[in-house]
A.B. asks: 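The following block contains the structure, expressed as structure tokens.
Any value given below was found using the heavy atoms of this structure, including those in side chains, with hydrogens, waters and symmetry copies removed.
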Amino acid sequence: MNLEQLDKAIRRIPDFPKPGILFYDITSILANPEAFKFCLDQMISIYKDKNIDAVAGVESRGFVFGAPLAQALGVPLILIRKKGKLPGDTYKCSYALEYGTAEIEVHKADIKKGQKIVVIDDLIATGGTLAAAKNLIEQGGAEVVDFFGVIGLPDLNYQKVLEPVNVTTLINYHGA
């Protein structure tokens, strides 16, 4: 497997969730063990020597990629969830969506002061959710040292929203 083959493994769905949007569906990666393994192997290679203290996965596909990475690195997995999904004491952050707002949360007990954390999601578009995840982590006194997405849509300017933190992606699509 290589990046060209990964590109072929990603399903494209035109006009979803609305007309004019080309949706990059990572479920086709999950249904292809070779493509999924390739993504995980790449992630492990990228982060194995980076002195990461924890992996934070953004609900829900960030969990799918984040959990095996955290296990491979021997570090905790921190769940970034939608509002109301975590039963304990949480940090909260609201952020803007195209139409309205959303809120995400993380358990306070899961964030340790001084931790270096990589935040994982499947696809990085505008960066709004990841910026909110960074806010949660910083509320706990930890530091986001990298954002990772299998897919990046750099034309939506996520890097500007997420700077100065580095953004790492396996594959980028332009013209989104």
A.B. asks: Will you find, in the side chains of T169 and N172, an N or O donor that is under 3.5 Å from an N or O acceptor?
C.D. replies: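 N172 and T169 do have a side-chain donor-acceptor pair below 3.5 Å.
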A.B. asks: So which atom in P33 and which in A31 form the shortest heavy-atom distance, rounded to 0.1 Å?
C.D. replies: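 Nearest heavy atoms, P33 then A31: CD-O, 3.5 Å.
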A.B. asks: Hydrophobic clustering (ILVMFWY, side-chain heavy atoms < 4.5 Å, transitive) - are L77 and I44 grouped together?
C.D. replies: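 Yes; tracing contacts between hydrophobic side chains, which count when under 4.5 Å, links both residues.
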A.B. asks: If you compare all heavy atoms of A133 against all heavy atoms of V58, which two are closest, and at what distance to 0.1 Å?
C.D. replies: CB-CG2, 4.4 Å
A.B. asks: Does atom NZ (K83) have a neighbourhood of more than 12 heavy atoms from anything else shown, all under 6.0 Å?
C.D. replies: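 Incorrect, the count does not exceed 12.
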A.B. asks: Rounded to the nearest 0.5 Å, what's the gap from OH on Y91 to CG on D110? Could you check?
C.D. replies: 10.5 Å
A.B. asks: Which pair of heavy atoms, one from C39 and one from I29, lies closest together, and at what distance?
C.D. replies: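 Closest approach of C39 to I29: SG-CG2, 4.0 Å.
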A.B. asks: What I want to check is whether the side chains of Y173 and D155 have a donor and an acceptor closer together than 3.5 Å.
C.D. replies: no
A.B. asks: Is there a path from V150 to L22 through hydrophobic residues (I, L, V, M, F, W, Y) whose side chains come within less than 4.5 Å of each other?
C.D. replies: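 Yes, it is one cluster - the side chains of V150 and L22 are joined through contacts under 4.5 Å.
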A.B. asks: Is there a continuous path of hydrophobic side-chain contacts, each under 4.5 Å between heavy atoms, that joins L86 to I80?
C.D. replies: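 L86 does not cluster with I80.
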A.B. asks: If I take atom CG from residue L156 and atom CD1 from residue I124, how far apart are they, to the nearest 0.5 angstrom?
C.D. replies: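 Between atom CG of L156 and atom CD1 of I124 there are 11.5 Å.
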A.B. asks: V161 and G128: which non-hydrogen atoms are nearest, and at how many Å?
C.D. replies: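 The answer is CG1-N, 4.5 Å.
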A.B. asks: Kindly indicate, with the supporting measurements, whether the criterion side-chain contact (heavy atoms from CB on, under 4.5 Å) is fulfilled by V64 and F36.
C.D. replies: CA-CA 10 Å; V64 175; F36 187 47; 4.0 Å; yes
A.B. asks: If you count the non-hydrogen atoms of other residues, nucleotides and ligands that lie under 6.0 Å from CD in E163, is the total more than 12?
C.D. replies: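 Count over threshold, so yes.
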A.B. asks: Apply the test side-chain contact (heavy atoms from CB on, under 4.5 Å) to residues I78 and Q115: give CA-CA distance (whole Å), side-chain angles for both, the deciding distance (0.1 Å), then the verdict.
C.D. replies: CA-CA 12 Å; I78 299 167; Q115 280 181 312; 4.2 Å; yes
A.B. asks: For a 4.5 angstrom cut-off between non-hydrogen side-chain atoms, does E103 reach C93?
C.D. replies: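 SC-SC contact between E103 and C93 ruled out.
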A.B. asks: Thinking salt bridges, do D53 and K116 make one under a 4.0 Å N-O criterion?
C.D. replies: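 A salt bridge is absent here (no side-chain N lies under 4.0 Å from a carboxylate O).
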A.B. asks: So how far is it from F65 CZ to I120 CD1, rounded to the nearest 0.5 Å?
C.D. replies: 10.0 Å
A.B. asks: Do the non-hydrogen side-chain atoms of T168 and F147 ever get within less than 4.5 Å of each other?
C.D. replies: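 A side-chain contact is absent here, since even the closest heavy-atom pair is not under 4.5 Å.
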A.B. asks: Look at K48 together with D41 and state whether they make a salt bridge at an N to O cut-off of under 4.0 Å.
C.D. replies: no
A.B. asks: Can you find a heavy atom in the side chain of I151 that is under 4.5 Å from one in the side chain of L170?
C.D. replies: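 In short, these two side chains do not touch, never coming nearer than 4.5 Å.
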A.B. asks: Side chains of N135 and Y95: do they bring a donor and an acceptor to under 3.5 Å?
C.D. replies: no
A.B. asks: Can you tell whether the side chains of R81 and E59 come within less than 4.0 Å, N to carboxylate O?
C.D. replies: yes
A.B. asks: Among I104, V119, T90, find the residue that satisfies the side-chain contact (heavy atoms from CB on, under 4.5 Å) test when tested with L136.
C.D. replies: I104
A.B. asks: Step by step, would you call V145 with I52 a side-chain contact (heavy atoms from CB on, under 4.5 Å)?
C.D. replies: CA-CA 8 Å; V145 295; I52 302 296; 3.5 Å; yes
A.B. asks: In the structure I gave you, are the side-chain heavy atoms of E143 and I117 within less than 4.5 Å of one another anywhere?
C.D. replies: no
A.B. asks: Would you indicate whether the side-chain heavy atoms of F148 and I46 approach each other to under 4.5 Å?
C.D. replies: yes
A.B. asks: Say whether, by atom type as modelled, one donor and one acceptor occur between the side chain of D15 and the main chain of G20 under 3.5 angstrom.
C.D. replies: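 Yes; at least one donor-acceptor contact below 3.5 Å.
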A.B. asks: Between P68 and L40, what is the shortest heavy-atom contact and its length?
C.D. replies: CG-CD2, 3.6 Å
A.B. asks: One thing to verify: whether E105 and K92 come together as a salt bridge, which I'm taking to mean a side-chain N less than 4.0 angstrom from a carboxylate O.
C.D. replies: yes
A.B. asks: Give, for atom CG of N2 and atom NZ of K8, the distance between the pair rounded to the nearest 0.5 Å.
C.D. replies: 8.5 Å
A.B. asks: For atom NZ of K108, decide whether the heavy atoms of other residues, nucleotides or ligands shown that lie under 6.0 angstrom number more than 12.
C.D. replies: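 Above 12, so yes.
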A.B. asks: Taking it one step at a time, do D89 and H107 satisfy side-chain contact (heavy atoms from CB on, under 4.5 Å)?
C.D. replies: CA-CA 6 Å; D89 197 16; H107 276 134; over 6 Å; no
A.B. asks: If you group Ile, Leu, Val, Met, Phe, Trp and Tyr by side-chain heavy-atom gaps below 4.5 Å, do L3 and M43 land in one group?
C.D. replies: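 Yes, one cluster joins them.
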A.B. asks: Which atoms form the tightest heavy-atom contact between A9 and N32, and what is the distance?
C.D. replies: CB-ND2, 4.1 Å
A.B. asks: Hey, could you give me the CG/CD1 distance between L6 and I171, rounded to the nearest 0.5 Å?
C.D. replies: 5.0 Å
A.B. asks: How far does OH of Y158 sit from OG1 of T129, to the nearest 0.5 angstrom?
C.D. replies: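 Y158 atom OH to T129 atom OG1 measures 14.5 Å (nearest 0.5 Å).
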A.B. asks: State plainly whether one hydrophobic cluster holds both F23 and I10, where clusters connect Ile, Leu, Val, Met, Phe, Trp and Tyr through side-chain heavy atoms under 4.5 angstrom apart.
C.D. replies: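 Shared cluster, no.
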